[in-house]
K.L.:
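Below you'll find the structure I mean.
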Amino acid sequence: MKEIVKFGYPSLKMKSSDVTIFDNSIKLLVDEMIEIMYAAPGVGLAAPQIGINKNIFVFDSGDGPYVAINPHNLNTKGSITFMEGCLSLPGYYWDIERAEYASLDAYDEKGNLVTYEGDDLLGRVLQHELDHLNGKLLISSLKRKERKAALKEISINGFPGRHV
Ligand SMILES: [Zn+2]
């Protein structure tokens with residue numbers, strides 16, 4: 001099984017590209033991502049987190065797994081602050097402000113158009129994973145002072161904890 005790459009790995013900072021051909025290799029990649037997400041365990045995993053800069057993420061906020069390929073048309077409403085972690089920053093959690101509700105359109109692994117929408121955990125996961133495809137990590141959502149402290153902590157302690 002592929003390893004989840006951690007903060008500092010180049011693919012996490014790059015913008016990913018759209019999937020253009022929905023062939024068996026995409027299906028295999030999606031299956032592998034779902035397996036890695038559950039093994040972590042996590043509620044979402046984006047392709048850049050296993051070093052692949054394709055616009056794909058998988059998630060399961062309770063009734064999944066689901067896949068979002070080439071997500072677009074993000075719509076958000078409201079705002080809420082929530083303790084949030086990331087499989088690429090294992091052991092760290094921060095209060096992150098995001099929209100309370102999110103919806104987006106995407107394709108499944110067969111190329112069918114799908115819409116995902118929700119609030120609470122699902123709304124948050126959709127926004128978090130979409131950030132990964134844009135090369136954005138949790139740390140960039142922190143305020144300047146918090147970000148400085150987080151970077152310092154990571155440089156001293158690395159990633160001691162396991163993400164739960
Ligand atoms: Zn993440």
Side-chain angles (χ1 to χ4, degrees), residues 1-19 26 29-72 74 76 79-104 106 109 116-143 146-155 157-164:
M1 201 157 43
K2 284 196 186 70
E3 289 246 329
I4 295 174
V5 300
K6 311 246 168 23
F7 172 72
Y9 195 87
S11 64
L12 294 174
K13 285 183 89 171
M14 288 164 61
K15 232 176 129 51
S16 292
S17 356
D18 272 351
V19 171
I26 295 299
L29 175 59
V30 166
D31 287 347
E32 190 182 9
M33 286 173 63
I34 290 170
E35 202 184 323
I36 295 169
M37 171 182 76
Y38 285 137
V43 292
L45 182 79
Q49 293 184 277
I50 52 167
I52 296 171
N53 283 108
K54 284 188 196 303
N55 283 329
I56 306 176
F57 68 76
V58 296
F59 64 96
D60 186 346
S61 60
D63 60 349
Y66 294 107
V67 56
I69 300 176
N70 303 349
H72 55 285
L74 175 71
T76 58
S79 119
I80 190 169
T81 300
F82 225 85
M83 233 349 189
E84 198 171 319
C86 176
L87 294 174
S88 295
L89 289 154
Y92 292 90
Y93 298 87
W94 296 283
D95 275 334
I96 305 283
E97 187 183 350
R98 289 193 190 271
E100 194 172 4
Y101 165 92
S103 77
L104 54 81
E109 72 277 17
Y116 297 117
E117 57 152 359
D119 46 21
D120 289 332
L121 184 60
L122 175 56
R124 181 151 292 261
V125 170
L126 294 174
Q127 295 171 76
H128 179 116
E129 301 310 327
L130 197 62
D131 277 353
H132 276 301
L133 304 184
N134 289 317
K136 199 176 161 197
L137 276 183
L138 277 187
I139 288 195
S140 49
S141 305
L142 299 175
K143 290 183 189 77
E146 279 181 306
R147 187 163 63 234
K148 268 183 104 172
L151 290 171
K152 193 173 174 194
E153 208 184 329
I154 291 168
S155 74
N157 297 324
F159 300 107
R162 207 174 124 80
H163 176 95
V164 257

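Counting starts at 1 for both ligands and their atoms, following the listed order.
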K.L.:
Is the backbone N or O of V5 less than 3.5 Å from a side-chain atom of S88, with the two atoms forming a donor-acceptor pair by type?
P.N.:
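Between the backbone of V5 and the side chain of S88 there is a qualifying donor-acceptor contact (under 3.5 Å).
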K.L.:
Kindly indicate whether the side chain of K15, heavy atoms from C-beta on, has any atom under 4.5 Å from the side chain of N53.
P.N.:
no
K.L.:
Spell out, as yes or no, whether a donor-acceptor pair under 3.5 Å connects the side chain of Y116 to the backbone of V67.
P.N.:
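Flag set: sc Y116 to bb V67 pair under 3.5 Å.
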K.L.:
Which of parallel (below 30°), tilted (30 to 60°) and perpendicular (above 60°) describes F57 and F59?
P.N.:
tilted
K.L.:
For residues 90-102, which residue pairs pass the salt bridge (Lys or Arg N to Asp or Glu O under 4.0 Å) check, not counting sequence neighbours?
P.N.:
E84-R98, R98-D131
K.L.:
Given a threshold of 2.8 Å, state how many protein N/O/S atoms are nearer than that to the Zn ion (ligand 1).
P.N.:
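For the Zn ion (ligand 1), the figure is 3.
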K.L.:
For K54, does the NZ atom have more than 12 heavy-atom neighbours from other residues, nucleotides or ligands under 6.0 Å away?
P.N.:
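For K54, atom NZ is not crowded (no more than 12 foreign heavy atoms under 6.0 Å).
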